[in-house]
Amino acid sequence: MIAEYPPTLLAEVKEKTKDRQLTGFTPGQGPLNPDLMLVGEAPGRHEEKVNIPFSGASGQELMKLIESIGYSRSTVYITSVVRQRPYSIKKVVDKKTGEVIEKKPNRTPTKKEVLAFAPLFDWELAQVKPKIIVTLGNTALQRLLGSQANISKLHGQLLHEKIQRTNDAHDGYELTADKHWIMPMYHPAAVLYARRLEPTIKADWQQLGQDIKKMKK
Ligand code: URA
């Protein structure tokens, strides 16, 4: 398991996100030096409650996929590029009582929020040292490969690329000197709203299973 996140990095994130609609803190979880480091977008409502990454509905989909290639929650490292739940504030009228109530649904993190958490993610990646980084969805993919990278073009293809890391000033990104193995995948929640993607997602994971076998030979 990973050691505690460095307090100085946590303090920096706290300062940069103090006026933002972000809540909770779900740490990454899993063994060091794993074959796979799975990188999502941000925790959702369920993750915020139980503090375990990918433990809600999309987590159930993810577990089926990792188990389909012989891994389990305990043999992979699971994290996301943002460690707090991003929410928006919506006022809705309760149909039964007519009362106006405030809801705080999940939302996609902004680029600024992803950048605020970037030093923490860079540190985590340096500790975990996975063989392959599996990005789940566009937010994680673009954090590592830049905003021109697109999941619908790159899904299921094992890439060997320099990745983005925070620059010295922590106000933008620079490319790493060394290359990393990256497998871009659709976010597992995609099957929950687009069932037609299911065969593609399953095939991408089978491809990853074969690529790992080849890599270990
Ligand atoms: N989506 C993510 O990216 N991470 C989680 O932990 C849950 C949903």
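Counting starts at 1 for both ligands and their atoms, following the listed order. Numbering of residues begins at 1 and proceeds along the displayed sequence. When reading the values below, keep in mind they use all heavy atoms of this one structure, side chains included, and skip hydrogens, waters and symmetry mates.
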Checklist entry - L175: which other cluster members, linking ILVMFWY side chains closer than 4.5 Å, directly or transitively? => result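 Taking Ile, Leu, Val, Met, Phe, Trp and Tyr as members, L175 stands alone, with no cluster partners.
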
Next on the checklist: Under 4.5 Å side-chain heavy-atom separation, chaining through any Ile, Leu, Val, Met, Phe, Trp or Tyr, what else clusters with I89? Say none if it is isolated.
Outcome noted: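 Besides I89, the hydrophobic cluster comprises Y87, listed by chain and residue number.
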
Checklist entry - So how far is it from L158 CG to I132 CD1, rounded to the nearest 0.5 Å? => result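 One gets 5.0 Å once the value is rounded to the nearest 0.5 Å.
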
Output, or 'none' if empty, a list of ligand 1-protein atom pairs in which both atoms are N or O and the distance is under 3.5 Å, rounded to 0.1 Å.
unit_1, atom_1, unit_2, atom_2, d
ligand 1, 1 (N), A42, O, 3.3
ligand 1, 1 (N), H187, NE2, 3.2
ligand 1, 3 (O), E41, N, 2.6
ligand 1, 3 (O), A42, N, 3.2
ligand 1, 3 (O), A42, O, 3.4
ligand 1, 3 (O), H187, NE2, 3.4
ligand 1, 4 (N), A42, O, 3.1
ligand 1, 6 (O), F54, N, 2.8

Next on the checklist: Centroid separation under 6.0 Å, is that true for the rings of F121 and Y5?
Outcome noted: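 Not under 6.0 Å, so no.
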
Item to check | Pairs where residues 130-157 contributes a residue and the test ring-ring contact (aromatic ring centres under 6.0 Å, His included) is met, not counting sequence neighbours | outcome: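 Checked against ring-ring contact (aromatic ring centres under 6.0 Å, His included) - neighbours excluded - the pairs reaching residues 130-157 are H155-Y186.
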
Next on the checklist: Tell me which one of V13, V82, L125 satisfies side-chain contact (heavy atoms from CB on, under 4.5 Å) with L120.
Outcome noted: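 Output: one option passes, namely V13.
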
